[in-house]
Amino acid sequence: MLLGLKRHYKKRCQGRMRKHVGDLCLQAGMLQDSLVHYHMSVELLRSVNDFLWLGAALEGLCSASVIYHYPGGTGGKTGARRFQSSSLPAEAANRHRPGAQEVLIDPGALTTNGINPDTSAEIGRAKNCLSPEDIIDKYKEAISYYSKYKNAGVIELEACVKAVRVLAIQKRSMEASEFLQNAVYINLRQLSEEEKIQRYSILSELYELIGFHRKSAFFKRVAAMQCVAPSISEPGWKACYKLLLETLPGYSLSLDPKDFSKGTHRGWAAVQMRLLHELVYASRRMGNPALSVRHLSFLLQTMLDFLSDQEKKDVTQSLENYTCKCPGTMELLTLPGGPTLPPVPFTKLPIVRHVKLLNLPASLRPQKMKSLLGQNVSTKSPFIYSPIIAHNRGEERNKKIDFQWVQGAVCEVQLMVYNPMPFELRVENMGLLTSGVEFESLPAALSLPAESGLYPVTLVGVPQTTGTITVNGYHTTVFGVFSDCLLDNLPGVKTSGSTVEVIPALPRLQISTSLPSSAHSLQPSSGDETSTNVSVQLYNGETQQLVIKLENIGMEPLEKLEVTSKILTTKEKLYGDFLSWNLEETLAQFPLQPGKVATFVVNIKVKLDFSCQENLLQDLSDDGISVSGFPLCSPFRQVVRPRVESKPVNPPEGSKPGDLSHVKTLEAILNFKYSGGPGHVEGYYRNLSLGLHVEAEPSVFFTRVSTLPATSSRQCHLLLDVFNSTEHELTVRARGNEELILHAGEYQRMAIQVDKFNFESFPESPGEKGQFANPKQLEEERQEAPGLDIDSKLDVHWRIPSLKRTGEASVEGLLNQLVLEHLQLAPLQWDVLVDGQPCDCEAAACRVGDPVRLEVRLTNRSPRSVGPFALTVAPFQDHQNGVHNYDLRDAVSFVGSSTFHLDAVQPAGRSACLGALLFLYTGDFFLHIRFHQDSASKELPPSWFCLPSVHVRALEAQA
């Protein structure tokens with residue numbers, strides 16, 4: 001029994017001694033000797049079950065083998081340098097020691113894992129050296145022996161760490177994780193707080209070494225929390241904050257917000273939010289509120305999609321509390337140790353979906369003055385069109401927007417924004433970020449409803465200089481955090497362009513009128529945008545003055561002004577000038593300085609058709625009376641029911657009068673083209689439009705027109721049936737006639753004696769219009785010229801005494817061709833003279849028995865040669881009962897022949913023939929001059945042979 005104990009004790013002592021000698025050899029650099037001693041120690045200790053020392057011997061064996069396999073060491077570059085400095089004495093010792101095996105390895109030939117592929121077989125054959133796989137197995141065996149002893153936790157932990165480092169070199173991460181997992185659960189004695197922090201930090205480093213980044217971050221965070229454990233009297237918040245920052249990569253978390261705008265979200269959002277909250281708390285306990293605001297802003301910006309409604313409210317409330325003491329800025333924050341925190345712009349508060357640069361209002365848009373074709377083409381090319389020039393222009397259009405802004409004018413950019421928060425979002429100090437031109441941004445404040453849809457927001461500013469301006473983004477202040485949001489950093493934002501040209505300043509014109517504003521909008525087809533619309537109600541034929549005040553509300557003088565008008569499409573025909581003005585009086589007040597006012601007067605004249613335009617008859621009766629319009633009218637005054645009654649006049653079948661009470665609508669646009677200041681020098685102008693809405697009520701209608709011959713062949717009577725379509729008493733008056741009073745809805749006939757007109761004297765077309773005008777339009781103007789001349793001679797006016805309103809009544813559209821023929825002087829003008837006195841209206845007096853000289857003159861106003869003609873004079877007496885007595889051979893005698901002859905007359909020429917008569921009795925005699933039916937007279941119309949009637953009164957001969 002005692003012998004057995006002695007033998008057991010001896011072996012244990014030998015084994016432990018061998019292990020101790022192996023340690024000394026290893027420390028002395030004699031690796032091969034240490035391997036021999038370690039192997040002998042393992043065999044001896046295994047036989048006596050001395051597990052603690054057996055584990056130590058195995059660990060020594062593994063260490064020596066690791067040095068052989070990995071001479072660079074497992075601790076990084078420092079260990080490698082240390083080994084290189086101590087390798088020479090070891091080699092020298094091996095060379096001079098008898099019996100020692102020499103295994104020489106060239107450190108420069110090692111690969112990354114420390115094994116030379118050419119010498120690995122030689123190392124494998126080295127006596128007592130473990131292979132890489134055996135090293136791990138022996139480490140496991142040693143750790144299992146250590147685990148049998150409660151007080152061996154530290155050396156067990158150390159063995160695990162060594163095994164992990166070896167496995168890391170061998171790139172066996174999963175096996176290394178098993179060793180680390182075992183190390184986590186090793187029960188150590190009571191450690192101090194610093195030792196705990198060191199333990200978790202080393203675990204984190206080892207996990208990082210084997211590529212387990214999230215596991216490494218976990219233990220790094222545990223170490224950070226251990227720095228501020230409740231048991232520590234002075235918590236290390238700075239160390240905690242630093243360790244928390246080091247955990248960020250393990251959780252796929254970056255403090256640069258740009259990394260979260262690329263693709264899908266990476267990492268576990270819940271864990272990331274927890275870590276960010278801890279960073280906020282740690283920075284606050286550090287006494288750095290700026291860091292707290294930055295981290296909380298980052299949390300709200302990047303984790304917004306993962307926050308619940310309540311969490312959003314809590315985070316924003318905390319952020320507002322922090323920013324009350326330290327507002328958020330866009331400056332870089334330098335962290336302890338050197339790294340910097342980038343700014344966090346709130347691009348999601350609110351979310352911007354669309355950005356559009358708006359054109360100026362139509363009244364403020366600059367327009368380029370039209371120049372010659374040659375000025376628009378590059379002078380470098382001899383061609384009018386070049387595909388190279390066209391390509392360059394296309395590229396330029398892709399970069400710039402096709403409209404311009406004006407220096408000093410308020411410009412607008414529209415953003416379509418969305419509020420993702422479950423509560424009302426207040427955005428303050430929202431303005432534009434620009435470059436290229438000095439720009440004054442006018443900040444705006446808005447309040448967006450909770451979870452609103454796309455909401456339009458307009459940001460404004462004023463460019464102070466000229467050039468090319470680029471809208472880079474916008475700035476906001478939300479929850480006390482100031483943000484610069486660039487368009488390039490906004491995902492999913494649609495924009496039609498962000499670069500626009502700013503031209504020099506132009507004056508700004510504002511107009512005010514004497515007429516009330518109109519609620520009527522102009523016809524959509526007009527295509528013109530009007531800044532102001534006015535309306536007025538006028539009776540047909542009435543004229544109204546529109547006084548326009550032109551005020552220069554800009555900063556530049558107004559130097560040039562052009563006024564044009566445009567009548568919108570209407571079915572009604574207008575006679576005369578609808579709009580007329582005299583611009584010289586207004587231009588006399590120019591240049592118009594800023595703040596000054598000029599006056600411009602426009603005359604509005606409504607002159608529509610005064611006829612009913614229904615079933616006008618085109619026949620002419622034998623007595624020369626032309627009848628058209630309502631057949632119920634007669635040459636006498638006739639009163640009908642007023643139009644206010646519901647029972648209308650029933651016209652006969654086939655005749656349908658027009659709607660006499662219909663109100664016509666006329667619309668026109670006045671365009672003010674103006675310029676001045678630097679913009680005028682560059683060739684730009686502005687266009688301001690004034691819309692005019694006129695409601696034209698009917699005043700009077702001419703329902704019938706006819707003519708009657710007058711006593712003179714150069715005059716006739718024009719008969720007009722006038723209808724008062726208003727609800728007021730109305731008077732009508734022509735030039736030289738008395739006023740005609742018409743009650744509401746009443747008809748009356750008025751007769752106007754007029755001189756016949758020489759229509760052939762009107763020019764066919766003005767010289768200037770003849771070159772550029774439409775031939776069809778010129779023909780219409782030539783046909784309308786007679787009616788215009790007749791209307792000006794008649795000068796028919798109406799007046800409503802109760803309303804004190806007056807106007808014109810035009811017959812231009814009323815006269816048909818037959819009426820015009822009766823109002824026209826014949827191309828052949830015939831004059832009959834009795835004793836040298838014209839005999840046209842009054843009777844010529846003569847004495848019985850005295851010869852009476854008779855002369856017939858012909859003036860040819862036609863463009864052709866006429867004649868010769870033969871005329872026969874036939875005297876007769878009118879018994880006033882329809883009987884004409886031509887048998888006057890005993891009462892009238894001719895001195896010579898009763899037939900007169902006229903030679904051919906050239907155009908604009910004259911001819912005359914003479915004869916004489918002798919009256920034998922007293923009385924009233926008439927002379928009927930007839931033309932012979934020859935070829936010359938048959939070729940001409942009968943209306944050309946209209947001779948005046950000759951009335952001769954024969955008196956008693958003087959005694």
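Positions are given from 1 along the sequence. Predicted model, so just to flag it, every value in this text is computed and none were measured.
Atom NE2 in His728 sits 14.5 Å away from atom CG in Leu742 (nearest 0.5 Å). In this structure, CG on Leu558 lies 13.0 Å from CZ on Arg508, to the nearest 0.5 angstrom. Here the straight-line distance linking atom CD1 of Ile469 with atom CD of Gln407 works out to 11.5 Å at 0.5 Å rounding. From Asn671, atom CG reaches atom NZ of Lys566 across 8.0 Å, with rounding to the nearest 0.5 Å.
Residues satisfying the side-chain contact (heavy atoms from CB on, under 4.5 Å) criterion with Thr513, sequence neighbours excluded, are Leu515, Val534, Leu546, Ile548, Leu690. Residues forming a salt bridge (charged side-chain N to carboxylate O under 4.0 Å, His left out) with Glu542 (at least two apart in sequence, or on another chain): Arg805. Not counting sequence neighbours, the partners of Glu739 by the salt bridge (charged side-chain N to carboxylate O under 4.0 Å, His left out) test are Arg799. Every residue meeting the side-chain contact (heavy atoms from CB on, under 4.5 Å) condition with Ala734, not counting sequence neighbours, appears here in chain and number order: Asn737, Met750, Ile752, Val796. Applying the salt bridge (charged side-chain N to carboxylate O under 4.0 Å, His left out) test to Lys605 and every residue at least two apart in sequence or in another chain returns Glu808.
Scanning both residues, Val700 and Ala809, for their nearest heavy atoms gives CG2-CB, 3.9 Å. Nearest heavy-atom pair across Asn582 and Glu585 is ND2-OE2, 3.6 Å. In terms of heavy atoms, Ala668 sits closest to Leu579 at CB-CD1, 3.9 Å. When all heavy atoms are compared, the tightest approach of Pro698 to Asn540 is CA-CB, 4.3 Å. The heavy-atom pair separating Ser689 from Ile669 by the smallest distance is CB-CG2, 3.9 Å.
Ring planes of Tyr747 and Phe723: tilted class, angle from 30 to 60°.
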Requested in this report: Under the side chain to side chain contact (heavy atoms under 4.5 Å, CB included) rule, what do Val502 and Val406 come out as? Steps first, then yes or no, please.
Outcome: CA-CA 5 Å; Val502 180; Val406 181; over 6 Å; no
Query raised in the report: Under the side chain to side chain contact (heavy atoms under 4.5 Å, CB included) criterion, do Glu729 and Ile741 qualify, and how do the steps go?
Result: CA-CA 7 Å; Glu729 185 180 273; Ile741 301 176; 3.9 Å; yes
Report task. Go through the steps to decide whether Thr703 and Asp721 satisfy the test side chain to side chain donor-acceptor pair (under 3.5 Å), and finish with yes or no. Result -> CA-CA 6 Å; Thr703 60; Asp721 285 359; 4.6 Å; no
**Report entry** side chain to side chain donor-acceptor pair (under 3.5 Å) between Gln748 and Glu746, intermediate numbers included
**Finding:** CA-CA 7 Å; Gln748 284 200 34; Glu746 182 182 11; 3.2 Å; yes
Using a 3.5 Å cut-off and no angle test, enumerate the donor-acceptor pairs between side-chain atoms of residues 591-602 and protein atoms at least two apart in sequence or in another chain.
none

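Only one option out of Gln544, Glu697, Glu695 pairs with Gln537 in a side-chain hydrogen bond (donor to acceptor under 3.5 Å, both in side chains); it is Glu697.
With Arg733 contributing its side chain and Trp798 its backbone, the two residues share no donor-acceptor pair below 3.5 Å. Here the side chain of Ser514 pairs a donor or acceptor atom with the backbone of Val547 at under 3.5 angstrom.
For the residue pair Ser675 and His680, a side-chain donor N or O sits within less than 3.5 Å of a side-chain acceptor on the partner. Judged purely by distance below 3.5 Å, without hydrogens or angles, the side chains of Gln464 and Glu440 pair a donor atom with an acceptor atom.
Stacking of Lys368 on the aromatic ring of Tyr684 is recorded, both the 6.0 Å distance cut-off and the 45° axial limit being met.
Considering only heavy atoms from C-beta on, Leu506 comes within 4.5 Å of Pro366 through its side chain. Side chains of Trp581 and Leu670 form a contact here, defined as non-hydrogen atoms less than 4.5 Å apart.
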